[in-house]
Amino acid sequence: MPCTWITSDLQLLLILTLFLVAVNTSLSVPVGTKAVLSCPLVLCTSILLTTWEIVLRDKLPCFRAFRGDTNETKGRNCTDERITWASRLDENPALQIDPVAITHDGYYRCQMVTPNGNFHRGYHLQVLVPPEVTLVQTENGTAVCKAVAGKPAAQISWTPEGDCVTEQKHHWGNDTVTIQSTCYWEGRHVLNVSCSVSHLTGNKSLSMELDQG
Ligand SMILES: *[C@@H]1O[C@H](CO)[C@@H](O)[C@H](O)[C@H]1NC(C)=O
Ligand SMILES: *[C@@H]1O[C@H](CO)[C@@H](O)[C@H](O)[C@H]1NC(C)=O
Ligand SMILES: *[C@@H]1O[C@H](CO)[C@@H](O)[C@H](O)[C@H]1NC(C)=O
Ligand SMILES: *[C@@H]1O[C@H](CO)[C@@H](O)[C@H](O)[C@H]1NC(C)=O
Ligand SMILES: *[C@@H]1O[C@H](CO)[C@@H](O)[C@H](O)[C@H]1NC(C)=O
Ligand SMILES: CC(=O)N[C@H]1CO[C@H](CO)[C@@H](O)[C@@H]1O
């Protein structure tokens with residue numbers, strides 16, 4: 001790769017030093033979307049081997065490798081068809097997950113082997129699931145707001161504030177959480193209440209008129 005803009009060895013050394021540092025980042029992606037994970041940006045040298053290591057919970061680590069000189073790919077213990085190479089490998093050996101599922105929570109690490117050393121980049125991937133939000137009134141006049149099966153847990157708040165009891169239920173099978181908040185506004189002339197659910201995938205608000213019957 002030509003690198004005419006590098007004028008001195010010192011500059012090259014500085015740039016290499018920057019990229020030689022192993023970097024780990026946290027990444028949150030909504031379920032059902034497409035995620036692309038990039039390898040480190042390596043300049044001014046050829047890439048001999050790129051390896052992705054994928055560590056998902058309750059699974060053997062899986063490896064995918066690409067050899068730059070022979071244009072050859074290999075995989076070991078990678079059975080998930082939703083995880084593939086993203087694009088033209090000789091230009092950018094990124095990893096693609098499409099669509100992202102709740103089981104894709106885990107650690108993903110790209111390693112590039114070059115004549116000037118090894119470069120790493122890791123991602124702690126957290127899959128987000130938006131909760132299903134409902135608001136109903138029960139027979140005795142309480143209002144019940146639910147945020148069902150969100151990941152991570154959602155938070156519920158009310159306008160106006162009432163006397164509320166909030167319960168959490170973990171769905172251990174898939175790491176989602178249901179939050180239920182039950183409120184009443186006894187002795188106050190509250191006609192209209194709204195329940196606000198805040199979550200990393202977006203906030204939602206539902207309101208309803210209390211039936212004073
Ligand atoms: C590597 O393979 C891809 C597709 O298989 C092709 O598009 C590309 O031109 C090849 N690159 C080299 C350097 O042979
Ligand atoms: C209203 O009814 C629910 C069950 O439907 C009960 O859990 C709650 O304690 C009741 N609230 C009041 C204020 O009586
Ligand atoms: C998680 O599990 C709960 C309870 O079994 C289910 O209602 C929900 O749909 C599941 N969510 C996902 C994203 O699989
Ligand atoms: C109840 O309050 C919400 C927000 O304060 C408002 O958007 C809605 O129109 C109100 N509904 C009624 C029936 O007053
Ligand atoms: C959602 O609500 C929380 C707290 O109520 C707030 O900090 C956050 O900025 C809101 N997010 C969006 C996308 O509006
Ligand atoms: C579960 C599984 O496929 N395990 C394989 C992982 O890769 C090694 C080496 O290729 C095999 O020996 C395992 O059987």
Side-chain angles (χ1 to χ4, degrees), residues 24-38 52-62 64 75 77-86 94-109 122-139 142-186 188-210:
N24 276 311
T25 47
S26 293
L27 195 62
S28 294
V29 286
V31 71
T33 59
K34 171 169 129 178
V36 174
L37 310 183
S38 316
W52 275 100
E53 179 184 5
I54 303 166
V55 186
L56 305 179
R57 190 150 41 115
D58 305 331
K59 294 228 177 73
L60 283 172
C62 127
R64 285 170 177 275
N77 292 329
C78 298
T79 50
D80 191 331
E81 284 164 7
R82 295 164 294 193
I83 305 180
T84 56
W85 294 101
L95 198 69
Q96 170 176 305
I97 312 175
D98 187 20
V100 172
I102 202 160
T103 49
H104 289 139
D105 258 0
Y107 182 62
Y108 299 73
R109 180 171 179 264
Y123 297 89
H124 293 281
L125 190 80
Q126 183 195 29
V127 179
L128 308 176
V129 181
E132 200 80 41
V133 181
T134 58
L135 174 61
V136 295
Q137 184 175 6
T138 62
E139 280 167 15
T142 60
V144 179
C145 184
K146 278 194 198 181
V148 177
K151 182 172 174 297
Q155 281 177 328
I156 294 180
S157 59
W158 292 87
T159 319
E161 277 180 39
D163 296 309
C164 305
V165 177
T166 300
E167 291 158 281
Q168 275 201 16
K169 186 176 156 205
H170 290 263
H171 304 289
W172 296 114
N174 60 20
D175 265 353
T176 61
V177 182
T178 292
I179 303 286
Q180 171 173 324
S181 179
T182 307
C183 295
Y184 67 100
W185 292 264
E186 205 174 2
R188 294 155 65 186
H189 296 284
V190 172
L191 299 174
N192 182 3
V193 297
S194 77
C195 152
S196 299
V197 174
S198 67
H199 193 257
L200 288 177
T201 56
N203 296 339
K204 257 179 218 158
S205 182
L206 294 179
S207 53
M208 103 182 146
E209 270 185 83
L210 287 182

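Whatever order the structure lists ligands and atoms in, that order sets their numbers, starting from 1. For reference, positions follow the sequence shown, starting with 1.
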Under the ring-ring contact (aromatic ring centres under 6.0 Å, His included) test, residues paired with H171 that sit two or more places apart: none
Close-contact set for ligand 3 against N174 heavy atoms, below 4.0 Å: 1 (C), 2 (O), 3 (C), 8 (C), 10 (C), 11 (N), 12 (C), 14 (O)
SB check D105 K151 (cutoff 4.0 Å): yes
With C183 via side-chain contact (heavy atoms from CB on, under 4.5 Å) - residues at least two apart: W158, C164, S181, W185
Pairing residues for T201 by the side chain to side chain donor-acceptor pair (under 3.5 Å) criterion, not counting sequence neighbours: H199
Close approach, T176 and ligand 3, non-hydrogen under 4.0 angstrom: yes
Side chain to side chain, Y108 and L56, heavy atoms closer than 4.5 Å: yes
Whether over 12 other heavy atoms sit under 6.0 Å from E167 CD: yes
From CA spacing to verdict: side-chain hydrogen bond (donor to acceptor under 3.5 Å, both in side chains), Q126, H124: CA-CA 7 Å; Q126 183 195 29; H124 293 281; over 6 Å; no
Close residues, ligand 5: non-hydrogen atom nearer than 4.0 Å: S198, N203
